[in-house]
Amino acid sequence: MTSYTELANPPSHLAIIMDGNSRWAEAHGFQRDEGHRAGAKHVRRIAEASADLGVRYLSLFAFSTENWDRPRDEVEFLIELIGETLDNELHELIERETKVQFIGERSRFPTAIQDKMRKCEAQTSHFDKLFLTIALNYGGRWDLTNATREIAQAVQQGYLHPNEIDESVIGSYLATRSLPAPDLCIRTGGDRRISNFLLWDFAYTEFYFADCFWPGFTTDALHIALREYGQRQRRFGGRRELTRKPSLVESN
Ligand code: IPE
Ligand code: IPE
Ligand code: MG
């Protein structure tokens, strides 16, 4: 096992866009399903390593609102895999004192899957070592749309005055309301885009794009990403003393 030097400044909230399962399978001469299976299995290793490195909140993008547009057999396989993974991992999540929550529109999943999600949340609700959020049928636009509808209903019913709507009120209607904003988002798979993940929450999140596929994203690669994050200077639009000499030069 690799031993890690202690990280000076680990992200408290790490979000991961776990992309590249299918290309990983293709690169290894496997069927696509095997890529998804390897990707699901890989979650445990990275979740444990993240917690060991000081991450308190881990949010994983597992299935987007757009992923329904994939071929039917792939969607069916993914849904089955979600169910299997929840069954297989619950014991370990309890062992590791991990509190699990799911974000996303669950009603589109079969009731058996919804039941497993509920069971997983109920049986881990009292833990606080790691807060694991799994985004299933989640989209940042869905979340904002949903929040807008609920805010409109609250106004219509007289619980809320339009003048009271500020950023914290909007945040409190999002599925991510119990979470601090992500400090770092890692996307594996080589693409540099958000793909409709946490649109509101990412306002001042740092990004790290890993040029490897999700099942091949090792704990060493995670450590490198977190160490690089620790050296960044976050300014949140304000003015801070520079810790290093500016290194960018003028373009021609
Ligand atoms: C990520 O792997 C898993 C999901 C989006 C469900 P992909 O299946 O998107 O893999 P690539 O990006 O096509 O390689
Ligand atoms: C992002 O991956 C969503 C998940 C990892 C669940 P996609 O493969 O769906 O994203 P695009 O289509 O490449 O943007
Ligand atoms: Mg992809």
Side-chain angles (χ1 to χ4, degrees), residues 13-47 50 55 57-86 88-89 100-106 108-110 113-114 116-117 120 132-146 174-176 179 182 184-202 205-218 221-222 225:
H13 183 178
L14 172 64
I16 306 183
I17 301 173
M18 309 181 293
D19 195 27
N21 291 347
S22 306
R23 282 167 288 161
W24 179 87
E26 201 184 325
H28 288 81
F30 301 144
Q31 297 291 316
R32 192 170 51 210
D33 290 358
E34 287 312 307
H36 288 312
R37 209 178 272 291
K41 201 164 158 232
H42 195 56
V43 169
R44 186 199 287 192
R45 180 170 304 152
I46 295 300
S50 299
V55 170
Y57 300 86
L58 179 65
S59 298
L60 303 175
F61 203 10
F63 191 93
S64 77
T65 46
E66 288 72 44
N67 287 150
W68 298 100
D69 298 337
R70 295 187 177 201
R72 203 170 131 187
D73 61 340
E74 184 178 359
V75 171
E76 281 174 2
F77 179 81
L78 284 168
I79 292 173
E80 215 169 283
L81 183 62
I82 290 165
E84 253 175 54
T85 308
L86 293 180
N88 295 341
E89 296 301 320
V100 183
Q101 72 159 344
F102 298 94
I103 55 170
E105 178 56 66
R106 339 182 156 196
R108 197 161 168 188
F109 290 113
I113 299 289
Q114 293 181 45
K116 290 180 203 292
M117 288 158 82
C120 191
L132 177 64
T133 298
I134 302 173
L136 287 174
N137 192 20
Y138 178 86
R141 288 180 173 179
W142 165 82
D143 206 357
L144 282 162
T145 305
N146 213 39
L174 295 173
T176 52
L179 304 172
L184 174 67
C185 175
I186 296 174
R187 181 176 182 136
T188 60
D191 289 309
R192 282 144 172 79
R193 55 178 173 258
I194 296 177
S195 300
N196 197 15
F197 197 20
L198 303 162
L199 298 181
W200 173 273
D201 317 73
F202 277 161
T205 297
E206 297 289 322
F207 279 81
Y208 183 95
F209 298 102
D211 286 322
C212 59
F213 303 126
W214 169 247
F217 182 66
T218 60
L222 174 72

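Order of listing sets the numbers, starting from 1, for every ligand and every atom in it.
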Q: Can you find a pair of side-chain heavy atoms, one from L136 and one from R106, that are under 4.5 Å apart?
A: no
Q: At a 4.0 Å cut-off, with the gap strictly under it, does some heavy atom of A62 reach an atom of ligand 1?
A: yes
Q: Is the distance from the Mg ion (ligand 3) to the nearest N/O/S atom of D19 under 2.8 Å?
A: yes
Q: Decide yes or no for R141 and T65: does some side-chain heavy atom of the first lie under 4.5 Å from some side-chain heavy atom of the second?
A: no
Q: A side-chain contact here means heavy atoms from C-beta on lying under 4.5 Å apart; do S50 and L14 qualify?
A: yes
Q: Is S195 in polar range of ligand 2, meaning some N or O pair under 3.5 Å apart?
A: yes
Q: Is there a donor-acceptor contact under 3.5 Å from the side chain of T205 to the main chain of P182?
A: yes
Q: Picking from K116, R45, R44, what satisfies salt bridge (charged side-chain N to carboxylate O under 4.0 Å, His left out) with E89?
A: R44
Q: Parallel, tilted or perpendicular for H42 and W214, by the 30°/60° rule?
A: perpendicular
Q: Using heavy atoms and a 4.0 Å limit, tell me yes or no: is M18 in contact with ligand 1?
A: yes
Q: Counting both backbone and side chain atoms, is some N or O of S64 under 3.5 Å from an N or O of ligand 2?
A: no
Q: What residue and heavy atom of the protein are closest to atom 9 (O) of ligand 2, and at what distance?
A: N67 ND2, 2.9 Å
Q: Check contact between R23 and ligand 2, using heavy atoms of the residue and a distance below 4.0 angstrom.
A: no
Q: Any side-chain donor-acceptor pair under 3.5 Å between N88 and T85?
A: no
Q: Can a donor-acceptor pair be found between the side chains of W68 and N137 at a distance below 3.5 Å?
A: yes
Q: Looking only at protein heavy atoms, which one is nearest to atom 2 (O) of ligand 2, and what is the separation?
A: D19 OD1, 3.5 Å
Q: Does at least one non-hydrogen atom of H36 fall below 4.0 angstrom from an atom of ligand 1?
A: yes
Q: Could you check atom 3 (C) of ligand 1 against the protein and tell me its nearest heavy-atom contact, residue, atom and distance included?
A: N21 ND2, 3.6 Å
Q: Atom 12 (O) of ligand 2: protein heavy atom closer than 4.0 Å?
A: no
Q: If you measure every N/O of S22 against every N/O of ligand 1, is any gap under 3.5 Å?
A: yes
Q: With a cut-off of 4.0 Å, which atoms of ligand 2 are near a heavy atom of F63?
A: 6 (C)
Q: Distance from Y57 atom OH to L132 atom CG, nearest 0.5 Å?
A: 13.0 Å
Q: Check each of E66, R187, R193, R70 against atom 8 (O) of ligand 2 and report the one with the nearest heavy atom.
A: R70
Q: Evaluate the side-chain proximity of I82 to I134: yes if any heavy-atom separation is below 4.5 Å, no if none is.
A: no
Q: Taking the non-hydrogen atoms of G20, is any one of them nearer than 4.0 angstrom to ligand 1?
A: yes
